[in-house]
Amino acid sequence: MTESPTTVRRMTRRLSGLVGAVLICCGVAHAVECQIDAVGGTSFTACRVDLNRERLDLFWRDTAGRPYRQFSVLRDALEKQGKQLVFAVNAGMYQPDFSPVGLFVADGRELVPLNRHTGSGNFSQQPNGVFLLEGNSARVITTNDYGLEKPKPLLATQSGPMLVHEGEITTSAVMNPKSPWRKLRNGVCAPSPATVVFVISESPVTFYAFASYFRDSLHCREALYLDGSISSLYAPRLDREDRGSDMGPILGVVGSRAESGH
C-alpha cells in the first residue's frame, strides 16, 4: 500500500523494558530477539530472526483465496493447522484488493511477477528492491540485480525504495535529509545470510533518518523499505499485536504449538 496521510493507525502498544534492552519474544525453540533503540529522539524496534533456528514464511491469501489482511486472521488460520504464529510484520506495498504491488514468491512459487515500473511513488523510487530467501540464506538486492540474476528463491517480496545500497543511503528524491515528511515506517535488512532484521519506527520519522538507522546502527549494507503508515508488528511475547489498517503480504515466523508448550 502506498502511504496516505489519512491512514488511521489503531493499535495496542506495550513497549516494556529499558531502551536498548534485548527482549526475547519467543521461547527457546523460536527466539526472535527484539531491541528498542532511541536514536536522535526517535525509538526504533529492531527484531532479529535467526534463520538457522526459525522458519520465515510469506503470506497473502488463505486456501479460499481471501487475503488475510490482519495478523489475527493469519494467527487463527495457522492454529487450525496446529501451528503458532510466533512473530510477524507487514511485508510490502499492495493494491486496493490487497494483492502485492510487486514480486511475490511463496514456497518457491512466483504468484506476482517482478515490477519494473519507475515513477514518483515510493515503490517506484529508484533503486527499489527485493527481499528474498534462498534456503536458509537471506539477502536484499535491487530490482535490477534480481532481473539480471533471475534467482529461484523460496520466498521474495518486492518494495521500494531501497534505503541503503552498497553501504550508502540511496539518493532518490524521498531521501532528502532536509525533507519534513515524517511517517511511521518499517523495513528489512540481512546483515548476514542467516540473519534478518526487521525494523519499525515507534513514531513518525523521515526516510533519511530511517535509512540512517539501518546504515549506522545496524551496519546493513543493503536495506529495503517495506511501507509507511500501515507498518505493523506482531510479537505476542512482547504483548504486542498492532491492529491498524488492513495489510497485503505478511512475513511471519511460524512454529508448531507442540514446540511452544501448548
Side-chain angles (χ1 to χ4, degrees), residues 1-4 7 9 46-47 49 56-61 67-71 73-74 85 87-119 121-134 138-147 151 153-165 170 172 174 183-190 196-201 207 210-211 214 220 222-234 242 244-253:
M1 179 181 178
T2 54
E3 295 179 73
S4 168
T7 300
R9 184 177 175 88
C47 294
V49 178
L56 189 62
D57 288 301
L58 184 59
F59 303 94
W60 167 21
R61 300 179 296 195
Y68 288 108
R69 299 169 59 169
Q70 290 285 333
F71 294 136
V73 178
L74 174 59
L85 184 62
F87 166 85
V89 295
N90 59 292
M93 299 177 188
Y94 51 90
Q95 307 286 5
D97 65 355
F98 304 103
S99 61
V101 172
L103 178 73
F104 183 96
V105 178
D107 295 323
R109 295 170 54 229
E110 182 182 295
L111 302 181
V112 180
L114 195 69
N115 184 339
R116 297 176 178 271
H117 178 264
T118 61
N122 289 336
F123 178 93
S124 301
Q125 295 283 324
Q126 299 301 306
N128 56 5
V130 176
F131 167 72
L132 65 153
L133 184 62
E134 300 162 292
R139 57 183 173 139
V140 171
I141 61 176
T142 66
T143 293
N144 285 343
D145 285 344
Y146 189 97
L154 179 65
L155 67 80
T157 184
Q158 183 185 8
S159 193
M162 291 281 288
L163 298 166
V164 180
H165 179 47
T170 56
S172 61
V174 298
K183 293 283 184 181
L184 295 165
R185 306 190 189 279
N186 77 315
V188 61
C189 74
V196 180
V197 181
F198 297 99
V199 178
I200 185 170
S201 69
F207 267 111
F210 193 53
F214 279 92
C220 293
E222 309 289 334
L224 180 65
Y225 180 66
L226 291 175
D227 214 333
S229 297
I230 66 101
S231 298
S232 301
L233 173 64
Y234 177 89
D242 294 350
S245 300
D246 288 342
M247 295 171 279
I250 297 172
L251 278 159
V253 172

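All values below come from the heavy atoms of this structure, side chains included, with hydrogens, waters and symmetry mates left out.
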- Message: For Y234 and L74: C-alpha separation, side-chain torsions, deciding distance, then whether side-chain contact (heavy atoms from CB on, under 4.5 Å) applies.
- Response: CA-CA 11 Å; Y234 177 89; L74 174 59; over 6 Å; no

- Message: Using 0.5 Å steps for rounding, measure from the CG atom of N186 to the CG atom of L224.
- Response: 9.5 Å

- Mind checking whether F98 and R61 have side chains closer than 4.5 Å, heavy atoms only? no

- Any side-chain heavy atom of N144 sitting closer than 4.5 Å to one from R116? yes

- Please lay out, stage by stage, how M247 and F71 fare under the test side-chain contact (heavy atoms from CB on, under 4.5 Å). CA-CA 9 Å; M247 295 171 279; F71 294 136; 3.7 Å; yes

- Donor-acceptor pair, side chain of Q158 and main chain of N115, under 3.5 angstrom: yes

- Message: So, applying side-chain contact (heavy atoms from CB on, under 4.5 Å) with N90, which one of P249, S245, S231 is it?
- Response: S231

- Separation between OH of Y146 and CG of L132, rounded to the nearest 0.5 Å: 6.5 Å

- Message: Is it the case that the side chains of H165 and T170 hold a donor-acceptor pair, with the cut-off being a distance below 3.5 Å and no angle test?
- Response: no

- Going from CZ on F198 to CG on L251, what distance comes out if it is rounded to the nearest 0.5 angstrom? 5.0 Å

- Item | Shortest non-hydrogen contact from L56 toward L133 | O-CD2, 3.9 Å

- Query: When rounded to the nearest 0.5 angstrom, what distance separates CZ in F104 from OH in Y94?
  - Reply: 14.0 Å

- Query: So among F123, F207, F214, which one has a ring pair (Phe, Tyr, Trp, His ring centres under 6.0 Å) with Y225?
  - Reply: F207

- Nearest heavy-atom pair of I141 and M162: which atoms, and what distance? O-SD, 4.0 Å

- Item | Side-chain heavy-atom pair I200, D242 within 4.5 angstrom cut-off | yes

- Query: What residues, two or more places apart in sequence or in another chain, satisfy salt bridge (charged side-chain N to carboxylate O under 4.0 Å, His left out) together with D107?
  - Reply: R55

- Item | Where L226 and M93 come nearest, the two heavy atoms and their spacing | O-CG, 3.6 Å

- Check the side chains of D97 and S99 for a donor-acceptor pair under 3.5 angstrom, ignoring hydrogens and angles. yes

- Task: Could you pull out all residues at least two apart from Q126 that satisfy side chain to side chain donor-acceptor pair (under 3.5 Å)?
- Result: none

- Message: For A91, is there any backbone N or O sitting under 3.5 Å from a side-chain donor or acceptor partner on T157?
- Response: yes

- Task: For the residue pair Q95 and V101, establish whether any side-chain heavy-atom pair is separated by less than 4.5 Å.
- Result: yes

- Task: Return yes if some donor-acceptor pair links the side-chain N/O of Q125 with the main-chain N/O of T118 below 3.5 Å, else return no.
- Result: no

- Nearest 0.5 Å please: distance from the CG atom of L184 over to the OG atom of S201. 5.0 Å

- Query: Taking all atoms of both residues into account, what is the closest heavy-atom pair of V130 and A156, and its distance?
  - Reply: CG1-CB, 3.9 Å

- Item | Side chains of E110 and L103 in contact at under 4.5 Å (non-hydrogen atoms) | yes

- Message: With rounding to the nearest 0.5 angstrom, report the OG to CG distance, S159 to N122.
- Response: 8.5 Å

- Which is it for C47 and L233 under the side-chain contact (heavy atoms from CB on, under 4.5 Å) test, yes or no, and what are the steps along the way? CA-CA 10 Å; C47 294; L233 173 64; 4.3 Å; yes

- Considering non-hydrogen atoms only, spot the tightest contact between G119 and S124 and give its length. N-CB, 3.2 Å

- Tell me, do V112 and P100 make a side-chain contact under 4.5 Å, heavy atoms counted? yes

